[in-house]
Amino acid sequence: MTGLLLVLNIVFSAIALIVGYALGIWTMTCRHRRQSSTGPEAPAVERQKNIERERTLMVTERLRDLAAVVANDVGQHSSKMGEITEGLKTLDTTDVEATGAGLVNALSKIVVANQALQERLARAEEQIAAQAREIHQHESEARTDSLTGLANRRAFDDELRRRCSEAERNGTALSLLIMDIDYFKKFNDTHGHQAGDEVLRSVGCKLKEVCREMDLPCRYGGEEFAVVMPATPVEDAKIGAERVRKAVESMTTRFEGKQLKVTTSIGVAQFVNADDTTRLVRRADDALYASKAAGRNSGYWHDGQQSHPIGVRQHMILPKCTKDRPAALTLESLPNRTKFADELRRRIAEAVRTEQPIAVLVAELDGYQAIRNRFDTDTAYAALDAVATLIRHSLREMDLVARLSESRFAVILPGNTLGTADAVVFRLANALKQSPLQYDNQLIDLELVTGKSELRMSDSVEMLVGRAEADLHEQFSGGAADPEESLTAG
């Protein structure tokens, strides 16, 4: 009987554990739904959530029914044991032969009842194990990106939060790597989304291959990936980042007879005590933008104040320009002032309708005239084109850069206020600082002087741009560097 009670305790403990676990998953799903209800969701995402909720409820109902069946079986067994016990009490102990026969009969009934209960408990244990496997699979699917097989954004958020708490509590190192496949939208437009999906799968496999066992590679979203690197100081993380970059660069993805190649830009940051998860991600993201601004297929790391290249600083080498080989490529594709005004007018109307902020930057290359005086017009024009390329690479796809005059640019930043536009200005300045031009063994350090403005009620295009240009003029008159000081001999 002691063995039987032990089995019963184990079975009921298992049932209670799994039912509680299933209810926990259901609770988290409901909480996630409440947290996500404030923003619009794609129908496919909502359908998937409904499927997850239905699966969780189904598992919970099955386990609840199973618990009721086991409880009923145990109750019937207890009743039989009670009947046998009452029968034993009625035995005439003075009749040895009758007592012996009664004991044998009672023992036989106990054996049969125990055997029947054990069979039912064995079936229940099999069902419990099956449900546990289903719950485990459900949890695994909920934390895994279906395309790449990597941990998904939910798993990334949980792991990073846990590792940040651990690093703060124990004083251990923690680094974060964020990477982005270069020009992926253009890649999809050229080769198709199925080819893009195949490349994403290949990058996911490559990350699993080159990352350490302790690291957690994740699909952060779209063409972005992240790697949580516990017990890793930034110097080691930089080595790992370069290993990842080179691995992706050397990778070839075969799809429908094509041999596809991509590169990646990487940002790295190490956790410091002033960080939380949001700030750590933002610093790694700033380093990622610096990598893009430096020409992509590169890595940068963030020291808490600014981003630095991983490895030797790369110079943008200007080609010698001739009439047969014009230098400007980006400049010629930029909208002029008229087209910029038309687009800004449309964006303003959209921002007013959706009640979203919008900011405008006006930036001028300080020292442009000095470059023309020191070299020649074609070289200065090539330098201006390199700056335009850096600006474009430092922006989001929704942003727009235009050319207002010979050395003056304008940028539309939808969804930005003056405060968030400061981060863009810093990113542009840092990108130029980290990527000086090289021409005939001479370095040309570049600097953008920037003015900014934010949309106000009843603003026209002229008013919004006018305030940004007035702010630019104030920056120049407030002590901007002399153009001649922007040139340094290499």
Electrostatic pair [X]-[Y], nearest N-O below 4.0 angstrom:
| X | Y | value |
| --- | --- | --- |
| K452 | D422 | yes |
| K246 | E249 | no |
| R154 | D157 | no |
| R212 | D215 | yes |
| R161 | D276 | no |
| K339 | E343 | no |
| E159 | R163 | yes |

request  = Show your working on salt bridge (charged side-chain N to carboxylate O under 4.0 Å, His left out) between R296 and D180 and close with a plain yes or no.
outcome  = CA-CA 9 Å; R296 311 201 183 211; D180 188 275; 5.2 Å; no

Could you tabulate the donor-acceptor pairs under 3.5 Å formed by side-chain atoms of residues 186-197, not counting sequence neighbours?
from : atom 1 : to   : atom 2 : distance (Å)
D189 : OD2    : K185 : NZ     : 3.4
T190 : OG1    : K186 : O      : 2.9

Minimum-distance pair of heavy atoms, taken over all atoms of [X] and [Y]:
| X | Y | result |
| --- | --- | --- |
| I391 | V411 | CG2-CG2, 4.3 Å |
| G304 | R279 | O-NH2, 3.6 Å |
| V360 | A468 | O-CB, 4.0 Å |
| S250 | A247 | OG-O, 3.1 Å |
| A351 | L455 | CB-CD2, 4.0 Å |
| P414 | D399 | CD-OD1, 3.4 Å |

Ignoring hydrogens and geometry, is there a side-chain-to-backbone donor-acceptor pair from [X] to [Y] under 3.5 Å?
| X | Y | answer |
| --- | --- | --- |
| T144 | S146 | no |
| N170 | A167 | no |
| S298 | S291 | yes |
| R467 | E454 | yes |
| T172 | A231 | no |

Non-hydrogen side-chain atoms of [X] and [Y] separated by less than 4.5 Å:
| X | Y | value |
| --- | --- | --- |
| L344 | V465 | yes |
| V268 | I310 | yes |
| L174 | V228 | yes |
| S333 | R392 | yes |
| D471 | S453 | no |
| V461 | I348 | yes |
| L334 | F340 | no |
| L176 | M229 | no |

task = Start with the C-alpha gap between I266 and I178, add the side-chain angles, then the distance that decides, and say whether side chain to side chain contact (heavy atoms under 4.5 Å, CB included) holds.
result = CA-CA 6 Å; I266 297 177; I178 295 181; over 6 Å; no

With a 3.5 Å cut-off and sequence neighbours excluded, list the donor-acceptor pairs that the side chains of residues 217-227 form with protein atoms.
from : atom 1 : to   : atom 2 : distance (Å)
R219 : NE     : G222 : O      : 3.1
R219 : NH1    : D145 : OD1    : 3.3
R219 : NH1    : D145 : OD2    : 3.4
R219 : NH2    : G222 : O      : 3.1
Y220 : OH     : R153 : NH2    : 3.3

message = Could you walk me through whether L288 and Y300 satisfy the side chain to side chain contact (heavy atoms under 4.5 Å, CB included) test, starting with their C-alpha distance in whole Å, then the side-chain angles of each, then the deciding distance to 0.1 Å, before giving a yes or no?
response = CA-CA 6 Å; L288 170 62; Y300 272 65; over 6 Å; no

task = Return each pair, listed once, that meets salt bridge (charged side-chain N to carboxylate O under 4.0 Å, His left out) where at least one residue sits in residues 402-415; pairs must be two or more places apart or across chains.
result =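 Listed by first then second residue: E364-R408, R372-E406, R408-E469.
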
key: Selection residues 252-276 - residue pairs positive for ring pair (Phe, Tyr, Trp, His ring centres under 6.0 Å), sequence neighbours left out   = none

key: Pairs involving residues 341-363, ordered by first then second residue, that meet ring pair (Phe, Tyr, Trp, His ring centres under 6.0 Å) (sequence neighbours left out)   =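 Found none.
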
What distance separates [X] [atom1] from [Y] [atom2], expressed to the nearest 0.5 Å?
| X | Y | atom1 | atom2 | value |
| --- | --- | --- | --- | --- |
| H302 | Q270 | NE2 | CD | 13.5 Å |
| L448 | Y368 | CG | OH | 13.5 Å |
| T420 | L413 | OG1 | CG | 7.5 Å |
| L404 | T338 | CG | OG1 | 10.0 Å |
| N152 | D158 | CG | CG | 9.0 Å |
| E350 | I358 | CD | CD1 | 8.0 Å |

ask   = Which pairs pass side-chain hydrogen bond (donor to acceptor under 3.5 Å, both in side chains) with one or both residues in residues 253-263, sequence neighbours excluded?
value = D182-T263, S202-T253, T252-K261

request  = State which residue, out of E168, R282, R283, fulfils the side-chain contact (heavy atoms from CB on, under 4.5 Å) condition with D275.
outcome  = R283

query = How far apart are the C-alpha atoms of F409 and L361, what are their side-chain angles, what is the distance that settles it, and do they pass the side chain to side chain contact (heavy atoms under 4.5 Å, CB included) test?
reply = CA-CA 8 Å; F409 302 94; L361 303 181; over 6 Å; no

task = Take C205 and E209 through the side chain to side chain contact (heavy atoms under 4.5 Å, CB included) test and state the conclusion after the steps.
result = CA-CA 6 Å; C205 289; E209 179 184 320; over 6 Å; no

